[in-house]
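In listed order, ligands and their atoms are each counted from 1.
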Amino acid sequence: MGALVSAPDDLPLPFPTSLCHRCAHKRDVKSARAWFLRCVELESKYAPQPVRACPLFALRPATENP
Ligand code: SF4
């Protein structure tokens, strides 16, 4: 039985200036060594980063975690 691998807490925030970090459509996808920004609105799932403007942007409520 293989060991479970979880993402370390000290992964650096990817593309900190990306608009996706403030968007309700972003989902964080983390592996042991990487942190990806997935978009639930895009068919391609991953936007070229950093996103500076996006017609699908929806401001994430302030009460939600980043
Ligand atoms: S809708 Fe645009 S801004 Fe929002 S997560 Fe997707 S790509 Fe990023």
Open item on the list: Between L56 and L59, is there shared hydrophobic-cluster membership here, with clusters defined by ILVMFWY side-chain heavy atoms closer than 4.5 Å?
Closed with: no
Task: Inter-residue atom distance F57.CZ - L19.CG, 0.5 Å rounding - done: 4.5 Å
Task: Protein residue, atom and distance nearest to atom 8 (Fe) of ligand 1, heavy-atom basis - done: C20 SG, 2.4 Å
Task: Single-linkage hydrophobic cluster, 4.5 Å side-chain cutoff, V51 and L13 together - done: no
TODO: If you have a sec, work out which protein heavy atom is nearest atom 4 (Fe) of ligand 1 and how many Å separate them, to one decimal?
DONE: C23 SG, 2.3 Å
Open item on the list: With a 3.5 Å distance limit and no angle check, can you tell me whether H21 reaches the backbone of K26 through a side-chain donor-acceptor pair?
Closed with: no
Task: Metal site atom 8 (Fe) of ligand 1: N/O/S of C54 inside 2.8 Å - done: no
TODO: Considering the heavy atoms of L56, write down every atom of ligand 1 situated less than 4.0 Å from one of them.
DONE: 1 (S)
Open item on the list: Using a 3.5 Å distance criterion without hydrogens, assess whether the side chain of R27 forms a donor-acceptor pair with backbone atoms of A24.
Closed with: yes
TODO: Using 2.8 Å as a strict upper limit, say whether an N, O or S atom of C39 approaches atom 6 (Fe) of ligand 1 that closely.
DONE: yes
